[in-house]
Trainee: 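Encoded as structure tokens, here's the structure I'll be asking about.
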Number of protein chains: 2
Amino acid sequence: MDERKYRILQAIIDDYILTAEPVGSRTISRKYDMGLSSATIRNEMSDLEELGYLDQPHVSAGRIPSAKAYRLYVDQLLESGQLKSDDEASVRAYFAGRARQMEDVIDHAAQVISNMTNYLAVVLPPSGRQPLIRTVQLVPVGPGSALVLVVTDSGIIRDTVIPCPGQLDHDSLYAISRQLTEELEGHSIEEAAAIISGMTGRLHESARFLASLSDYFDAHTDAKPRRHVAVGGTSKMLTYPEYSDMEKVRGLLSLVETRDRLAAIVAQHGDVAFTVRIGPESGIPEMSDCSIVTATYSTRAGEQGTIGVIGPTRMRYSRVLSVLGTMGQQLSELFGAAGEFPEEESER
Amino acid sequence: MDERKYRILQAIIDDYILTAEPVGSRTISRKYDMGLSSATIRNEMSDLEELGYLDQPHVSAGRIPSAKAYRLYVDQLLESGQLKSDDEASVRAYFAGRARQMEDVIDHAAQVISNMTNYLAVVLPPSGRQPLIRTVQLVPVGPGSALVLVVTDSGIIRDTVIPCPGQLDHDSLYAISRQLTEELEGHSIEEAAAIISGMTGRLHESARFLASLSDYFDAHTDAKPRRHVAVGGTSKMLTYPEYSDMEKVRGLLSLVETRDRLAAIVAQHGDVAFTVRIGPESGIPEMSDCSIVTATYSTRAGEQGTIGVIGPTRMRYSRVLSVLGTMGQQLSELFGAAGEFPEEESER
DNA sequence: GTTAGCACTCACGAGCGGTGAGTGCTAACA
DNA sequence: TGTTAGCACTCACCGCTCGTGAGTGCTAAC
């Protein structure tokens, strides 16, 4: 695999990304002035095919890059590190002066990514280690019911309405809140249920109330919060010829619809800046001719979120990587900026 | 338009809804035993076409019902009122023992409707008159910031983090909360901002804090909360032959993507039980060959929500109407059941 | 090692006739 | 007067053939 072969391969990939049509030897020698005749290119292409970098849909058509070729291409791209983009300013502009509620930001980010890349964009909210309780507060919301509000160090607030005895008024609920805060501060949600059970003795006058509180924490322990998954640009997928097949679109669309599954697919595992899964690499049948590119961002509390793009294998990787890079940075800044008030979200 | 014509028309509609293919005279006389020969049916069909109830894609094809025909059909259906369905039990089963958070319910309802009808389902959360404030509570969430929690009579809770002076601790925030609650109870969010401004005098020690509180209410006045719109079964649309055209699908899909617009389209205005908009009746170009059927449900607080189904004009109207009817009832029950603890939602 | 030339392949689209579902019309029938 | 049988006609659809052209692989010359 010499230098010249690589340059030819790159040209083929570039052309294919642009046109989605098999590219022939003449195209390369003409459009990308290699100083080589089509015949020479042809020989090289033949070699590249043997090496597994090119596929031929049929004898008399041009070549298309294989997954292996994209892999090489992307690896090279990542290695070279030249992903500096000039759209940092425009990304920043998109967020300037905007409401800063978590879900809004997430949704908006998905929109922006999709608009800048013209692919399907997915944004997962931050999630990380067990958040620790900071404050617990009970607020009366009506006769016989109170709202449980839990503030954690990652700024996440869980709220649910639970039943409570009628005789507990605003002030007594406050007293209980203070006591609860004292006991639970610094502990995880998981531990909270047990601790409350232990408290039953002291606050004997409202044993049943505490029981339902304990239940509440119990319920929230394993019930991993159904995270809001932001998606943008679904309809953009339909513009690409590779998705002119209804069956494919249907598969993809129903996958995108089941947000849990989508989140699981996009969620990034390692600690790397970028993940690129090309075609069959993802192991997801519906995605066999899609590529998935993801990046991470992080919040001040150390939580990690994921942003991702799903598109055809002949994706404009460099563009996508640069957009994701910029956006990841922007989100990290937005969620991590010290001295700012934290972004809070009510979980469901 | 005599009885026989109507029966023939109905048969044509039924058949077309089933097959999506132009239906011929022979089909009618054979499959639906009318006791008439195809020739007679043919004459009647010719009449029906003249009356505007049937269209002919081309000379040598069968007839398809026009929007006018569907209109007649649906009106008759609604009038007859025989929409009693036997899936009340199954709808109920879907909700038994389920988490009862507003957004969960909404999402789930969309899923269920879509599964039962095989069309695209949309569910809008309840919204109605200006909710009145019941309780205001400030909770410290970190150094220099506090969470504002507003409980309203419609069970809606608004929460946002605002900056607050560092010297205000848990107890003093509570004191302020009590005072705020006293002043604001029974007022609308809109009025709150003004009232708080008036309070500045009394709580002079924290004028700046109150100012930001006032800002908070101001911000929430007109910023109509971006409601969570639940959608289910988008991919189901692709199974119908009328959406084999990519362009159509794209239009529809991008409409569904912009939730605001979708909500505006689906949102029901009047106070009627059902709304049926057939094809061009909706006035939305992308929807020219879709029908939109909506129904309402209501909460204890008197708010109204909308559930809707979007499908091809040759929709199984009776099925859809019955499912929507049952679901509307179920949701009303769920949100309105007296003696239960209210469903709360955190707005964004 | 590179290039020109040439025979060969094969997807794609246009053109074409056969097929069949469905119609409208007419004439006969109750 | 309404219903029905019969028949000629229309036209979308399907499968077929064939020409076209992009692209290849191979060979021979530079």
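All values below were derived from every heavy atom in this structure, side-chain atoms included, with hydrogens, water molecules and symmetry-related copies excluded. Residue numbers begin at 1 in each chain, while the letters A, B, ... track the order of the sequences.
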Trainee: Side chains of B:Ser235 and A:Glu257: any donor to acceptor distance under 3.5 Å?
Mentor: yes
Trainee: Hey, are B:Tyr32 and B:Asp15 close enough side-chain-wise for a donor-acceptor pair under 3.5 Å?
Mentor: yes
Trainee: Output yes when at least one side-chain N/O atom of A:Arg63 is less than 4.0 Å from OP1 or OP2 of D:dG25, else no.
Mentor: yes
Trainee: In whole angstrom, what separates B:Leu36's CG from C:dA30's P?
Mentor: 17 Å
Trainee: C:dA14 pairs with which nucleotide, Watson-Crick or G-U wobble, both distances below 3.5 Å?
Mentor: D:dT17
Trainee: Is any side-chain nitrogen or oxygen of B:Ser60 closer than 4.0 Å to OP1 or OP2 of D:dC11?
Mentor: no
Trainee: Output the rounded distance in Å from CG (A:Asp55) to C1' (D:dT24).
Mentor: 16 Å
Trainee: Once you round it to whole Å, what is the distance between C1' of D:dC11 and NE2 of B:His58?
Mentor: 6 Å
Trainee: Classify the side chain of A:Arg42 versus the base of C:dG1 as yes if they form a donor-acceptor pair under 3.5 Å and no if they do not.
Mentor: no
Trainee: Passes salt bridge (Lys or Arg N to Asp or Glu O under 4.0 Å), A:Asp14 versus A:Arg316? Steps please.
Mentor: CA-CA 9 Å; A:Asp14 284 344; A:Arg316 293 176 57 199; over 6 Å; no
Trainee: Could you give the CD-to-C1' distance, from A:Glu50 to D:dT24, as a whole number of Å?
Mentor: 15 Å
Trainee: Nearest whole Å is fine: how far is C:dG20 P from B:Glu21 CD?
Mentor: 17 Å
Trainee: Identify whether any heavy atom of A:Ser25 sits under 4.0 Å from a base atom; if not, whether one sits that close to sugar-phosphate; answer base, sugar-phosphate or nothing.
Mentor: sugar-phosphate
Trainee: Given atom CG of B:Asp15 and atom C1' of C:dG22, what is their separation to the nearest angstrom?
Mentor: 14 Å
Trainee: Would you say the base of D:dG23 and the side-chain of A:Arg26 have a donor-acceptor pair closer than 3.5 Å?
Mentor: no
Trainee: Output the single nucleotide from C:dG22, C:dT3, C:dC10 whose closest atom is nearest the side chain of A:Thr40.
Mentor: C:dT3
Trainee: Nearest heavy atom decides the nucleotide; on that basis, is A:Ser46 or B:Pro57 closer to the 5' end of DNA chain D?
Mentor: B:Pro57
Trainee: Are the charged groups of A:Asp47 and A:Arg4 less than 4.0 angstrom apart, N to O?
Mentor: no
Trainee: Give the C-alpha distance, both sets of side-chain angles, the deciding distance and a yes or no for salt bridge (Lys or Arg N to Asp or Glu O under 4.0 Å) between A:Arg71 and A:Glu281.
Mentor: CA-CA 10 Å; A:Arg71 181 82 270 165; A:Glu281 288 178 10; 2.6 Å; yes
Trainee: Applying the Watson-Crick and G-U wobble criteria at under 3.5 Å, what pairs with D:dC30? Answer none if nothing qualifies.
Mentor: C:dG1
Trainee: Provide, to the nearest angstrom, the distance between the CD atom belonging to B:Glu49 and the C1' atom belonging to C:dT23.
Mentor: 10 Å
Trainee: Looking at D:dT24, D:dG23, C:dC10, which one has an atom nearest to any side-chain atom of A:Gln56?
Mentor: D:dT24
Trainee: To the nearest angstrom, how far is B:Ile41 atom CD1 from C:dT23 atom C1'?
Mentor: 14 Å
Trainee: Identify, between B:Gly35 and A:Asn43, the residue whose nearest nucleotide on DNA chain D lies closer to the 5' end.
Mentor: B:Gly35
